[in-house]
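Let me begin by presenting the structure, written as C-alpha cells, before commenting on it.
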Amino acid sequence: MTVNHAQMQARVAVSHLLHGAEKALRRKPTVEAVYTSLPIGQLGDTTASEGAYFVVKPYEVLLKAQIEENITGMLKVKVDKQTGQVLGASAFGSQAIEILGLIQVAMHGNIPWEALRLYPLPHPTYSELLSQL
C-alpha cells in the first residue's frame, strides 16, 4: 500500500463517519512510487500485449532537464491500439511521480493519449514529456 492510496482510504472513512454517505474509492489505477535517488513509479498495466503499443520519451529531449543538467530519466506509456486510452505508464527520474500523477488523472478522466498530448503544458517543465516534443 502506498501513502497516496492510504490517504484516500482515510478520506473516504472520515466521510462515511461524518456524513454517512458512501463515496467510491477509485483503487485502480493508482500511482505506485518509490522515492529513491531518481524516483521510480508505475501506474496501471505496463506489460506488453498485442493490443497496445508503447510510447517512450527520454528526459534528454527536455529543455528543463538540460538546463538542470539532469537528463537521466524516461517515461514509458502503454496505449491501447483501438481506443487510444492510456493503459499504464512507468517512469524514473526527476519529477517522474508528478508526471505519472498527470497520467493518472487522464486515465480516470478517459482522456486518450493523443488528446492528452495536445494540452499546452508549461515550458520548460518535465511534464512536457506528455506533449508533442
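Here the straight-line distance linking atom CD of Gln85 with atom CG of Asn110 works out to 5.0 Å at 0.5 Å rounding. One distance of note links CD of Glu128 with CD1 of Ile99; it measures 10.0 Å at 0.5 Å rounding.
Side-chain atoms of Val55 and Lys76, non-hydrogen and from C-beta on, never get closer than 4.5 Å to each other. Two residues are said to be in side-chain contact when any heavy atoms from C-beta on lie closer than 4.5 Å; Tyr53 and Trp113 meet this criterion. Using a 4.5 Å heavy-atom threshold, the side chains of Tyr126 and Glu68 count as touching. Side-chain contact check for Lys78 versus Ser49: some heavy-atom pair is nearer than 4.5 Å. Residues Thr30 and Glu32 meet the side-chain proximity criterion, which asks for heavy atoms closer than 4.5 Å. Between Ser131 and Tyr119, every side-chain heavy-atom pair lies at or beyond the 4.5 Å cut-off. The shortest distance between side-chain heavy atoms of Leu130 and Lys57 does not fall below 4.5 Å. Residues Ile97 and Tyr35 are in side-chain contact: their nearest non-hydrogen atoms beyond the backbone lie under 4.5 Å apart.
The backbone N or O of Pro29 lies less than 3.5 Å from a partner atom in the side chain of Gln104, making a donor-acceptor pair. Looking only at distances, no side-chain donor or acceptor of Tyr59 sits under 3.5 Å from a matching main-chain atom of Gln66.
Here the rule is side-chain contact (heavy atoms from CB on, under 4.5 Å) with Ile103, and of Leu129, Leu75, Val31 only Leu75 fits it.
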